[in-house]
Enquirer: 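Have a look at the structure that comes next, please.
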Amino acid sequence: MSLKLNNLGRRIDGRWILRHLDLEIQNGECLALVGASGCGKSTTLRIIAGLDQADEGSITIDGTDVTSTAAVDRKVGMVFQSYALFPHLSVAANLELGLKVRGVAPSERQQRVRQVLQLVQLEERASQKPAQLSGGQRQRVALARALLRDPLVYLLDEPMSNLDAQLREELRPELRRLVLRDQKPVIYVTHDQHEAMAIADRIAVLKDGQIEQVANPIELYKHPASLYVAEFIGRPQINVLPPEQGVIKAIRPEALKLQAGGIACELLHREWLGASQIWQLDSRLGPLRMHVGSEQTVPESIQVSWAPEQEHRFNARSGKRLTA
Amino acid sequence: MKTLPVRRLLIVLLLSWSLGPLLWQLYTSFSTNEALITPFANIDHRWTLNHYKDVLTGNPPFWRYLINSLIVGTGSTILTLCIATPAAYAITRSRGTITNVAQTMLIVAALFPYVLLFLALLEVARSLHLGNHLLALTIPYAALSQPLAILLLSAAFRDLPIDLEDAARLEGLGLWSRLRWVLIPLIAPATASTAILVFLFAWNEYPIALTWLSDSSLLTLPVAMARIAGSSIYSVPYGAYAAATVLGSIPLIALVLIFQKSIVSGLTSGAVKG
Amino acid sequence: MLLLLVPAAVLLAVVFVAPMLHYVWLSAHANSVLTGLVPIPNQGANWLRLVSDQRFWQDAGQTLRFTVVSVSLEVLLALAIALLLDQRWRGRGVARALTLIPWALPTTVMALGWRWIFNTPYGPLNQTASLLGVAPLNILSNPSITWMATVLADVWKTTPFAALILLAGLQTIPTDLYEALRLEGASQRTCFLRITLPLLKPYIALALLFRLAQAFGVFDLVQVMTGGGPASSTESLALYAYINAMRFLDFGYSATVMIGSFILLLLLCLISWSFLIRLQRRTGRV
């Protein structure tokens, strides 16, 4: 039982903006789809929802081909970045509308709306209009609407990017708990690698409409399949050294060590993170970022090195990972 | 702020220019004929309500025309909206070329001096026996209002975030349900301003009503007023006419004052987006 | 989806397209009381008649004069009104509504009101004149000045519409543009010439074009206020077409007059459009 995308492709004005997309998401699994803006992640979501049509490939949900099923009949629960709550309807009416047109009896409608509002802790807001709610509350109403749909798949399109950082952190576990409650596949689109790492079981990194790598967060961090993935995942960003004989080496800022006899560096700037700090260095290999403990003092002369096994090596032309 | 007195003067000028002719009609409607002929002489019977009495007890009484215009205006507004709303939605949601072609044609039609159509429309009315039916007038009126109505409503549909309709679709709402529960309620302000503009057009329309209606109890207000004028070219009963003008203007003035915002936003969005 | 367009498309075709095609057909036929109201093809005789019809060309001249004078006055006045209504002052909303009233009233109603105002000798204008010792002016029976009275009535009635379009334009101009220029030490006059006018140009063009087409088709006002008189001096093309159909019952020729008017209007629009574009290019360079 799962959601399966087979060789999905989408072309606009003769240009493929999505191609050869193969993915399988199991029931109860949350997959994050990440990438820079315009990489095709929102298009993928819209195609799965039926709001956009694929030009090639197919989509199956629980073994049923839904490629040409209309959005109206596809049974997906989607949370939009803008929340897309109907501004003229109260919270309860927003939730009830779908049930009503699907022919659910009034008494059952009310009961289900009450239950879901309880679930997202908004019972006392039932009669208010979306405009009267805070961003976080609106986001929860949008989620409640998706839950009420009894969907076969959950699609979340940057559901938290309109919220401030603190709220995002608070809501994240809650969101994950709610969407995974009924053990359905969940696709979570975000441009924020940190959010993807925090919420997803697996992460698919998209670049220019193609998948660079699909793996769990640890794997992605430790063994990025390409330079693009290495740069995308992990903050502060990985250090990329100048290419040498067709090979690009990259080292995580966390892997750099102060060591006599290492590469001589000059300190440009210190960024305090609280528990740790980041040093912006300049060296003969170009600028380097180094992640160090907060109690570390700046030595007279900075010399850095790293263990060879911490080196990531990529083909300079293709950007693909080279296995040692 | 030494420009203020100048501005105040300009405001006074503007308002007297806009309202002066109307106020003169108001004055006339309450003046006896003697007072009108010799405004500066000192006479006893300066004020009268007789003009109003004449107008309201005429045959047919004046309120009849107001009701006729109300019927035509309301009918045309409803018919126009029923046809223009789905068309506006379809134009907004179709792809590039259709939208552009339709848009251009609608602007040309909106600019068209429709007076030139009266002869052909009259022939239609004659062959289908539509003359002297108040509600039949709503057909040409609805047609003539389509360009403006479609342009205004499609601008409103275009302004709605696409996510809202997508969300409704994912909730399982088909086209009709989406229009009924989500889209039409959301463009209500634009619908209101369109409705008022169409109503004003239908209420005020002259050449078609003039040629379609001959039964004197069915005349709309503009035709009835013109008929008073045409009945006696050399001596129009100005006092009674002024009373009729005042009575006929009150509903419109009320409409303008109440729905000022809708009218302005309708004309404005027509100008900004059209 | 396109099915939703069908009712509107049918209605528009029946009311706009079919009549024009019908006129083309009708203009190639004699169809009047003389033919017993039966259309008989007459090999372009209607068109020959139109070309040499003095009354048609006189009316065309009058319509053009009316259109050009009233539209230019309207746009200038509308610009002034829009500038006034765009400023912030107490009661602006009410004033805006009151300014709109002339536009909302039926043309025919106020057309007769104007006839009363211009009445000789009892109208307020002539009463005032006689109080000042000036001889009363036969405004509505003097062929050389009656048309100005119709222009005045038209300006009164339609300026609010143009003013509103220009007001909409003014409100799209961001205020920080003015602030930026004022910081450079520019005067109010410079601001108006360098910001307001150039940015308002599309709206002026829109108001101009809209009013041009409407004024060229003037009918209600003239028919009720002057009946086209005195001596046909205020007769518009639309009124001439109406008279041909309804008074002379010559439908074939009436249709010819209408197509003729339509062609003249198209020419007028094309000329003013190319003029506007040239103006745009010239001032665009600064």
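The sequence lines fix the lettering, A, B, ..., with proteins before strands; numbering per chain opens at 1. Predicted, not measured: the structure shown is a model, and the values here were computed from it.
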Enquirer: Check each atom of B:Ala188 against the heavy atoms of chain A and say whether the ones under 4.5 Å are side chain, backbone, both or neither.
Expert: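 Contact with chain A involves no heavy atom of B:Ala188 at all.
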Enquirer: Which region of A:Arg74, side chain (C-beta onward) or backbone (N, CA, C, O), has a non-hydrogen atom less than 4.5 Å from a non-hydrogen atom of chain B, or is it both or neither?
Expert: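 Contact with chain B: none, neither part.
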Enquirer: Salt-bridge test for A:Asp208 and A:Arg15: reply yes if a basic N is under 4.0 Å from a carboxylate O, no otherwise.
Expert: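 The answer is no: the pair does not qualify as a salt bridge.
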Enquirer: State plainly whether the residues A:Arg112 and A:Asp150 are in salt-bridge range, i.e. N to O under 4.0 Å.
Expert: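 Salt bridge flag = yes for A:Asp150 with A:Arg112.
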Enquirer: Can you sort out the partners of B:Asp163 under salt bridge (charged side-chain N to carboxylate O under 4.0 Å, His left out), two or more places apart, ordered by chain and number?
Expert: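 With neighbours one apart ignored, the set is empty.
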Enquirer: Can you tell me which portion of A:Phe86 sits under 4.5 Å from chain B's heavy atoms? Options are side chain, backbone, both or neither.
Expert: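 Both backbone and side chain.
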Enquirer: What is the ring orientation for B:Tyr65 with B:Phe62, classed by angle as parallel under 30°, tilted 30 to 60°, or perpendicular over 60°?
Expert: perpendicular
Enquirer: Counting only N and O atoms by type, is there a donor-acceptor contact under 3.5 Å from the side chain of A:Arg109 to the main-chain atoms of A:Leu99?
Expert: no
Enquirer: Chain B heavy atoms under 4.5 Å from A:Leu85: which part of the residue, side chain, backbone, both or neither?
Expert: backbone
Enquirer: Write out, in numerical order, the residues from residues 46-54 of chain A with a heavy atom short of 4.5 Å from a heavy atom in chain B.
Expert: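 So far as heavy atoms go, A:Arg46, A:Ala49, A:Leu51 are the residues that approach chain B to under 4.5 Å.
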Enquirer: Tell me, side chain or backbone of A:Val101 under 4.5 Å from chain B's heavy atoms, or both, or neither?
Expert: side chain
Enquirer: Please report the shortest heavy-atom distance between B:Ala142 and B:Thr80, naming the atom on each side.
Expert: CA-OG1, 3.3 Å
Enquirer: Heavy-atom distance under 4.5 Å to chain B: side chain of A:Lys100, backbone, both or neither?
Expert: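 Only the side chain of A:Lys100 comes within 4.5 Å of chain B.
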Enquirer: Is it the case that A:Asp192 and A:Thr190 place a side-chain donor and acceptor less than 3.5 Å from each other?
Expert: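 A:Thr190 and A:Asp192 do not have a side-chain donor-acceptor pair below 3.5 Å.
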Enquirer: Looking at A:Arg11 and A:Glu56, is any side-chain nitrogen of the basic one under 4.0 Å from a carboxylate oxygen of the acidic one?
Expert: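 Judged by the 4.0 Å cut-off on N to carboxylate O distance, A:Glu56 and A:Arg11 do not form a salt bridge.
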Enquirer: Report yes or no: is the cationic atom of B:Arg178 (NZ for Lys, CZ for Arg) under 6.0 Å from the centre of the six-membered ring of B:Tyr89, at an angle within 45° of the ring normal?
Expert: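 Judged by the rule, B:Arg178 and B:Tyr89 form no cation-pi pair.
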